[in-house]
K.L.:
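Got a structure here, written out as structure tokens. Questions coming.
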Amino acid sequence: MSAQIIAREGTAELGVQLRRAGRRVSFANGCFDVLHLGHVRYLQAAKQQGDVLVVGINSDRSVSALKGPGRPLLPAEARAELVAALEPVDYVIIFEELTAEAMLSELRPDVHCKGPDYTTETVPERALTESLGIAVAIVGDPKDHSTRNLLAEIARRYRKE
């Protein structure tokens, strides 16, 4: 079963429906520009934090602002479809903001999951999660995988030819 891709405007209603059904909701977010093993392990670990995993995908504009020129490589709709196809993922929502604060305010998940490149003190949405009573979980394997490194390796290999 493939995850559902939800319109951004449906975030609050999705949260209401899941809470009403008594589901424990975990939320993860990211750019997911070039899907790699670190992403998969992050989402697997995020799913273990709840009954339902909702994933926020940064829009093309926000990825460009966060990652710089030339990014993203894949448009948001393609990235959303790829992430939605992963087994742990239940729902995907594309969002425009640079942080997930608005998504968290609307969805009101039980747990906000961030990757191991963060600590509970460095999560950008820390103040908001504390004020809303949302737990923060640092999940996934060590930061041995990155899109930036993968792209650099591809470029290095193709320069040789």
Side-chain angles (χ1 to χ4, degrees), residues 1-21 23-118 122-129 132 134-140 143 145-148 150-151:
M1 179 175 131
S2 177
Q4 293 183 310
I5 299 174
I6 304 295
R8 176 69 175 84
E9 302 77 37
T11 305
E13 179 58 30
L14 176 63
V16 168
Q17 289 174 3
L18 294 172
R19 281 191 301 281
R20 195 176 293 145
R23 309 297 301 273
R24 180 173 169 81
V25 179
S26 59
F27 175 78
N29 67 287
C31 298
F32 303 98
D33 193 11
V34 175
L35 205 56
H36 56 70
L37 185 57
H39 291 136
V40 173
R41 290 179 177 166
Y42 165 55
L43 295 173
Q44 288 171 331
K47 175 64 177 220
Q48 293 175 355
Q49 298 294 314
D51 305 315
V52 176
L53 175 58
V54 179
V55 179
I57 304 279
N58 288 83
S59 70
D60 295 345
R61 184 189 60 75
S62 65
V63 172
S64 183
L66 291 166
K67 302 296 183 177
R71 300 281 298 276
L73 296 174
L74 296 173
E77 294 75 18
R79 292 182 283 119
E81 193 171 331
L82 285 167
V83 169
L86 298 174
E87 187 274 328
V89 179
D90 296 294
Y91 297 95
V92 173
I93 303 169
I94 298 170
F95 67 98
E96 292 290 331
E97 300 83 7
L98 296 180
T99 72
E101 286 186 340
M103 292 282 296
L104 291 165
S105 292
E106 293 169 26
L107 184 65
R108 302 284 176 113
D110 297 285
V111 184
H112 177 38
C113 301
K114 296 299 276 185
D117 44 338
Y118 291 95
T122 63
V123 169
E125 305 85 3
R126 179 178 178 215
L128 178 71
T129 57
L132 295 176
I134 298 169
V136 172
I138 305 302
V139 300
K143 189 71 175 173
H145 315 279
S146 79
T147 300
R148 180 174 284 117
L150 181 59
L151 294 174

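These figures come from a predicted structure and were not determined experimentally.
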K.L.:
Nearest 0.5 Å, what's the CD1-OG1 distance between Ile94 and Thr11?
P.N.:
11.0 Å

K.L.:
Should Asn29 and Met103 count as side-chain neighbours, where that means a heavy-atom distance under 4.5 Å?
P.N.:
no

K.L.:
So which heavy atom on Pro109 is nearest to which on Ile134, and how close?
P.N.:
O-CG1, 3.3 Å

K.L.:
Please find the pair of heavy atoms, one from Ile57 and one from Cys31, that lie closest to each other, and give the distance.
P.N.:
CG2-O, 4.2 Å

K.L.:
List the steps and the verdict of side-chain contact (heavy atoms from CB on, under 4.5 Å) for Leu74 and Leu82.
P.N.:
CA-CA 10 Å; Leu74 296 173; Leu82 285 167; 3.9 Å; yes

K.L.:
Look only at the side chain of Ser26 and the backbone of Val52, and say whether a donor-acceptor pair between them is shorter than 3.5 Å.
P.N.:
yes

K.L.:
Looking only at heavy atoms, which two atoms of Pro124 and Glu101 are closest? And how far apart?
P.N.:
O-OE2, 3.7 Å

K.L.:
Identify, with sequence neighbours excluded, every residue that meets side chain to side chain contact (heavy atoms under 4.5 Å, CB included) alongside Ala12.
P.N.:
Glu106

K.L.:
Taking only residues two or more places apart in sequence, or in another chain, which ones meet Ser105 in a side chain to side chain contact (heavy atoms under 4.5 Å, CB included)?
P.N.:
Leu128, Leu132

K.L.:
In Å, rounded to the nearest 0.5 Å, how long is the span from CG of Leu53 to CZ of Arg23?
P.N.:
11.5 Å

K.L.:
Phe32 vs His39 aromatic rings, parallel, tilted or perpendicular, using cut-offs 30° and 60°?
P.N.:
tilted

K.L.:
Give the minimum heavy-atom separation between Val139 and Ala46, together with the two atoms involved.
P.N.:
CG2-N, 3.9 Å

K.L.:
Going by side chain to side chain contact (heavy atoms under 4.5 Å, CB included), name the residues that satisfy it together with Ser62, two or more places apart in sequence or in a different chain.
P.N.:
Asn58, Ser59, Leu98

K.L.:
Arg24: which residues meet the side chain to side chain donor-acceptor pair (under 3.5 Å) condition with it, sequence neighbours left out?
P.N.:
none

K.L.:
Please check this pair: side chain of Tyr42 against backbone of Cys113, looking for a donor-acceptor N/O pair closer than 3.5 Å.
P.N.:
yes

K.L.:
List in chain and number order the residues that pass side chain to side chain contact (heavy atoms under 4.5 Å, CB included) with Glu97, two or more places apart in sequence or in another chain; answer none if no residue qualifies.
P.N.:
Arg8, Phe95, Ala102

K.L.:
Quick one: does Val123's side chain get under 4.5 Å of Thr129's, heavy atoms only?
P.N.:
no

K.L.:
In terms of side-chain geometry, is the basic nitrogen of Asp33 or Arg71 positioned less than 4.0 Å from the acidic oxygen of its partner?
P.N.:
yes

K.L.:
Identify, with sequence neighbours excluded, every residue that meets side chain to side chain donor-acceptor pair (under 3.5 Å) alongside Gln17.
P.N.:
Glu13

K.L.:
Starting at CG of Leu18, measure out to CZ of Arg108 and round the result to the nearest 0.5 Å.
P.N.:
14.5 Å

K.L.:
Looking at every heavy atom in both Ala28 and Leu43, which two are closest together, and how far apart are they?
P.N.:
CB-CD2, 4.0 Å

K.L.:
Answer whether the closest heavy-atom distance between the side chains of Leu86 and Gln44 falls below 4.5 Å.
P.N.:
no

K.L.:
List the atom of Thr99, the atom of Glu125, and the distance in Å for their closest heavy-atom pair.
P.N.:
CB-OE2, 3.6 Å

K.L.:
Salt-bridged, Asp60 to Arg79, with N to O below 4.0 Å?
P.N.:
yes

K.L.:
Is it true that Asp90 and Lys47 make a salt bridge, defined as a side-chain N closer than 4.0 Å to a carboxylate O?
P.N.:
yes

